[in-house]
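Beneath this line is the structure, given in structure tokens, with notes to follow.
Labels below follow one simple rule: chain letters A, B, ... track the order of the sequence lines, proteins then strands, and each chain is numbered from 1. Keep in mind that the numbers below use all heavy atoms, side chains included, and drop hydrogens, waters and symmetry copies. Not measured: the values here are computed from a predicted model.
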There are 2 protein chains.
Amino acid sequence: MTLAQPEARPYHHGDLSRALVEAARRILETDGPAALSLRAVAREAGVSPAAPYHHFKDKGQLLDAVAHEGWVALDAALMKARQESDDDRRRMTSLGVAYVTFARDNPALYRVMYDCSRDKDALPDQMKEEGAYCQVRNTIAHAAGDGVSEIDLELATIAAWCAGHGLAEMSGFKQFESLKALLGGEEAFLKAVFDHLGMFAKFDRG
Amino acid sequence: MTLAQPEARPYHHGDLSRALVEAARRILETDGPAALSLRAVAREAGVSPAAPYHHFKDKGQLLDAVAHEGWVALDAALMKARQESDDDRRRMTSLGVAYVTFARDNPALYRVMYDCSRDKDALPDQMKEEGAYCQVRNTIAHAAGDGVSEIDLELATIAAWCAGHGLAEMSGFKQFESLKALLGGEEAFLKAVFDHLGMFAKFDRG
DNA sequence: CACGGATCTTGTCGACGTCAAGATATCTTG
DNA sequence: CAAGATATCTTGACGTCGACAAGATCCGTG
């Protein structure tokens, strides 16, 4: 009865690169960023502690790969939020809520994404089409119309991104729980905060 | 000639708690957060690797102490920015610039401050008078006058804090360097971004 | 002076990131 | 198909880390 042994492990080991990244994400989700050691990833993937070094130069490069998957997922989440757009009048706020929601739903992954960015003093390739940053800029450009300068567009995008990132990191703090309850939940809280950032309201319209 | 031997080290070791925190800050400033191990701190302070455990339960508690000093320093920086206030018409923006400037000038310390907060899912005692959060809220309350509700005041404070924190973490990214140069420097860049967050302009006035 | 408690050192443990050397499987070439 | 080259994985090791236990040292107090 050897038929259909699950995932008949290929000879050498299949493509370990992918397996390692998936193992890393599994560990991130279940045990958090503190438990994400190279050795733990190797264990989770069922290989020896030194095996990853044939696919990634060091731990940082593995994290870079994980972070890259995170950015792709975030791009998709924002794209989805834009396309659904059942809330045309509040496009920018919807985008902001989607951004923060992604960060809240994948806190460990989001942390890895930004830690990798900090190590390189730069966001990853966000500027290409469908990159998250570019999506925000395009949304603002569309809402602002033609009369907006390149500089203003860039500044507005940065401002929006900063607000989103700040809220993503801070909305989990206990201090705000009573206020969230008072406003009727997490999403209402997020929308209320964005409302207080005038630029979001400015770019939201019907 | 034994007079004035520098810092005649007291018997057992003086008050190590303070010495350890200072050593930690020294390491943070010179070698960054990655180099901040308990053993390195002990080395820097001139004691054995296990000595810190008589003053701090674990590494986290030492970092908590370092972070606490950071928050106190941030409180002072904001207070100074408010009192100088040579720019009455743009009080809120000045406060935001002071906040981000502190984070840019002490990047490693700022990182430790927020990492500790995340571990506890809460900001430290910011709510007491002169705490940074409270200073922001008071500034907004003063600018907004009497007609503002408690909830709106809290939301506006959170929104401002998120914008400041986000900009503090992102303004170092390479992507924005050309824009900074184009606007005439770091501070001009920060002010421009804050300008695009309507609420700052709303609360700035003469 | 003696003793108890605080402080610091030494020694040790398991886990980590990383590398070198060896083993094994796949690919390439004749 | 055989045989060397190459890619992949394992084993073993090194230095560092956080943390703890046991022992040494010093202080204050009775």
Discussion item. Check this for me: B:H68, atom NE2, are more than 12 non-hydrogen atoms of other residues, nucleotides or ligands nearer than 6.0 Å?
Written reply: no
Item to complete: Output the single nucleotide from C:dC8, C:dC16, C:dG11 whose closest atom is nearest the side chain of B:H54.
Response: C:dC8
Item to complete: Could you tell me how the ring of A:Y99 sits relative to the ring of A:Y110: parallel (under 30°), tilted (30 to 60°) or perpendicular (over 60°)?
Response: perpendicular
Worksheet item: Between atom CG in A:L36 and atom P in C:dA15, what is the gap in whole Å?
Response: 17 Å
Fill in: Phosphate OP1/OP2 of D:dC17 contacted by B:R43 side-chain N/O (<4.0 Å)
yes
Worksheet item: D:dT10, C:dT12, C:dT18: which one has an atom nearest the side-chain heavy atoms of A:V47?
Response: D:dT10
Practice prompt. Would you mind reading off the distance between A:Q61 atom CD and C:dT18 atom P, rounded to a whole angstrom?
Written response: 10 Å
Worksheet entry | Side-chain ion pair, B:R26 and B:D31, N-O less than 4.0 Å | no
Worksheet item: Taking all non-hydrogen atoms of both residues, which atom of A:F194 and which atom of A:G96 are closest, and how far apart?
Response: CE1-C, 3.5 Å
Item to complete: Select one nucleotide: of C:dC19, C:dT9, C:dT18, the one nearest the side-chain heavy atoms of B:S48.
Response: C:dT9
Practice prompt. Could you check if a side-chain atom of A:K202 sits within less than 4.5 angstrom of a side-chain atom of A:M92, using non-hydrogen atoms only?
Written response: no
Discussion item. Whole angstroms only, please: what is the CG-P distance between A:D58 and C:dC19?
Written reply: 8 Å
Item to complete: Can you see which heavy atom on B:A168 is nearest to which on B:A103, and at what distance?
Response: CB-CB, 3.6 Å
Worksheet entry | Atom pair distance, as rounded to whole Å: CG in B:L16 and P in D:dC27 | 15 Å
Worksheet entry | Short N-O contact, A:D195 and A:R90, less than 4.0 angstrom | yes
Item to complete: Please determine if a side-chain N or O atom of B:S37 lies less than 4.0 Å away from the OP1 or OP2 oxygen of D:dC17.
Response: yes
Practice prompt. Let me know the distance between CD of B:E44 and P of D:dC17, rounded to the nearest Å.
Written response: 13 Å
Fill in: Interatomic distance, A:K57 NZ vs C:dG17 P [rounded to whole Å]
14 Å
Practice prompt. Among D:dC9, D:dG18, D:dT11, find the nucleotide with the atom closest to the side chain of A:P49.
Written response: D:dT11
Discussion item. Can you tell me which nucleotide in D:dC17, C:dT18, D:dA21 comes closest to the side chain of A:R39?
Written reply: C:dT18
Discussion item. Check this for me, if you would: do B:E169 and B:R111 make a salt bridge, where the nitrogen-to-carboxylate-oxygen distance has to be below 4.0 angstrom?
Written reply: no
Worksheet entry | Residue-phosphate contact under 4.0 Å: B:H55 side-chain N/O, C:dC8 OP1/OP2 | yes
Response to the item:
The nucleotide from D:dA19, C:dC19, C:dC8 with an atom nearest the side chain of B:A51 is C:dC8
Practice prompt. Would you jot down, in residue-number order, the residues of residues 20-34 of chain B having a non-hydrogen atom under 4.0 Å from DNA chain D?
Written response: none
Worksheet item: Could you give the NZ-to-C1' distance, from B:K59 to D:dA19, as a whole number of Å?
Response: 12 Å
Fill in: Strand-adjacent residues in residues 111-119 of chain B, judged by heavy atoms under 4.0 Å from DNA chain D
none
Discussion item. Whole angstroms only, please: what is the CZ-P distance between B:F56 and C:dC8?
Written reply: 11 Å
Discussion item. Could you report the tightest heavy-atom contact between A:L78 and A:A98, atom names first, then the distance?
Written reply: CD2-CB, 4.1 Å
Worksheet item: Quick one: do A:R18 and A:E69 make a salt bridge, cutoff under 4.0 Å?
Response: yes
